Amino acid sequence: VQLQASGGGLVQAGGSLRLSCAVSGRALSSYVTAWFRQAPGKEREFVAAIVWSGGSTSYAESVKGRFTISRDIDKIMVYLQMNSLKPEDTAVYYCAARPGGVITSRYAYNSWGQGTLVTVSS
């Protein structure tokens, strides 16, 4: 599976941004696609995930109610809509994929896209 993330940028606190992840590969129906983020000096952390088959979603507590992950099966895209952004959301965001169910550990994901930088100013 290959992934390519895009859509990062600079936004003021309280604003919104949508990240996109183009996914290609075989047997995607058995995969989970997730977003992770890594702030300077911090570990890469789980943000959200979506199961291709059925569309069930999972979120980190820190983004629940503000971020929404979705997928477009026809375009083979995964999106992360980020609303009510806070300065602490500033990070490089990565999309990743793994076969099977949702796991929030980054070590469980074997396919990664390049990161896209999101900067939230106060």
Side-chain angles (χ1 to χ4, degrees):
V1 175
Q2 293 79 47
L3 307 103
Q4 184 167 359
S6 61
L10 174 63
V11 62
Q12 289 188 331
S16 298
L17 208 57
R18 189 178 82 157
L19 304 183
S20 300
C21 179
V23 186
S24 61
R26 302 170 64 180
L28 290 178
S29 60
S30 64
Y31 271 70
V32 168
T33 301
W35 288 96
F36 286 77
R37 66 186 181 185
Q38 188 166 16
K42 294 189 176 181
E43 293 288 318
R44 191 170 299 187
E45 65 176 2
F46 173 81
V47 175
I50 189 164
V51 180
W52 275 100
S53 179
S56 61
T57 58
S58 300
Y59 295 93
E61 284 297 324
S62 60
V63 305
K64 275 184 180 178
R66 299 189 299 123
F67 290 12
T68 303
I69 189 171
S70 63
R71 77 205 190 300
D72 186 320
I73 294 176
D74 292 334
K75 295 181 179 178
I76 322 179
M77 297 285 292
V78 173
Y79 303 102
L80 186 68
Q81 178 66 43
M82 306 185 293
N83 298 329
S84 302
L85 282 161
K86 305 175 182 179
E88 51 264 44
D89 294 317
T90 295
V92 177
Y93 284 70
Y94 299 88
C95 55
R98 68 177 304 275
V102 175
I103 295 179
T104 59
S105 169
R106 62 186 175 101
Y107 299 107
Y109 291 77
N110 54 5
S111 298
W112 291 86
Q114 88 291 356
T116 185
L117 176 63
V118 172
T119 304
V120 184
S121 63
S122 57

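For clarity, every value in this text was computed on a predicted model and none was experimentally measured.
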> Can you tell me how far apart CZ (Arg98) and OH (Tyr107) are? Round to the nearest 0.5 Å.
15.0 Å
> Testing the basics here: between Pro87 and Ser122, what is the closest heavy-atom pair and its distance to 0.1 Å?
CG-CB, 3.8 Å
> Is NZ or CZ of Arg18 both nearer than 6.0 Å to the six-membered ring centre of Tyr79 and within 45° of the ring axis?
yes
> Minimum heavy-atom separation for Ile73 to Arg71, with atom names?
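Distance-wise, the nearest heavy atoms are CD1-NH2, 3.6 Å.
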> Side-chain heavy atoms under 4.5 angstrom apart, residues restricted to Ile, Leu, Val, Met, Phe, Trp, Tyr: same cluster for Val102 and Tyr31?
no
> Parallel, tilted or perpendicular: which one describes the rings of Phe36 and Tyr109, with boundaries at 30° and 60°?
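Perpendicular.
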> If the test is side-chain contact (heavy atoms from CB on, under 4.5 Å), which one of Leu17, Thr68, Val47 qualifies with Leu80?
Val47
> Are Leu19 and Ile50 grouped together when hydrophobic residues (ILVMFWY) are joined by side-chain heavy atoms under 4.5 angstrom apart?
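Leu19 clusters together with Ile50.
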> Going hydrophobic residue to hydrophobic residue with side-chain gaps under 4.5 angstrom, can you get from Trp52 over to Val32?
no
> Please name the pair of heavy atoms, one in Val92 and one in Gly115, separated by the smallest distance, quoted to 0.1 Å.
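Smallest interatomic distance, heavy atoms only, reads CG1-CA, 3.6 Å.
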> If you measure from OG1 on Thr90 to CG on Leu117, what distance do you get to the nearest 0.5 Å?
8.0 Å
> Side chain of Gln114, backbone of Ala5: donor and acceptor closer than 3.5 Å?
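Yes, Gln114 side chain to Ala5 backbone: donor-acceptor pair under 3.5 Å.
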> Are Phe67 and Ile69 close enough, and set up right, to give a side-chain contact (heavy atoms from CB on, under 4.5 Å), and what steps lead you there?
CA-CA 7 Å; Phe67 290 12; Ile69 189 171; over 6 Å; no
> Report yes or no: does Arg37 contribute a side-chain atom to a donor-acceptor pair with the main-chain N or O of Ala91 at less than 3.5 Å?
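Checking the backbone N and O of Ala91 against the side chain of Arg37, no donor-acceptor pair under 3.5 Å is found.
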> For residues Lys86 and Arg66, determine if any side-chain heavy atom of one lies less than 4.5 Å from a side-chain heavy atom of the other.
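Yes, close enough: below the 4.5 Å cut-off.
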> Of the non-hydrogen atoms in Leu3 and Cys21, which two are nearest, and what is the gap between them?
CD2-SG, 3.6 Å
> Treating Ile, Leu, Val, Met, Phe, Trp and Tyr as nodes and any side-chain heavy-atom pair under 4.5 angstrom as an edge, say whether Met77 and Val23 lie in one connected cluster.
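No: no chain of side-chain contacts under 4.5 Å links Met77 to Val23.
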> Quick check: closest heavy atoms across Phe46 and Ala34, and the distance to 0.1 Å?
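Closest heavy-atom pair between Phe46 and Ala34: CE1-CB, 4.3 Å.
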> Identify whether Leu85 and Tyr59 are in the same connected component of the hydrophobic contact network (ILVMFWY, side-chain heavy atoms under 4.5 Å).
yes
> Would a 4.5 Å heavy-atom cut-off, applied to side chains only, mark Trp35 and Met82 as touching?
no
> What's the separation between atom OG in Ser84 and atom CG in Asp89, rounded to the nearest 0.5 Å?
9.5 Å
> Could you check whether any side-chain N or O of Ser111 sits under 3.5 Å from a backbone N or O of Gln2, counting only pairs where one atom can act as donor and the other as acceptor?
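Not at all, since once roles are kept as given, no pair shorter than 3.5 Å links the two residues.
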> If I compare all heavy atoms of Lys64 with all of Glu61, which pair ends up nearest, and what's the gap?
NZ-OE2, 2.8 Å
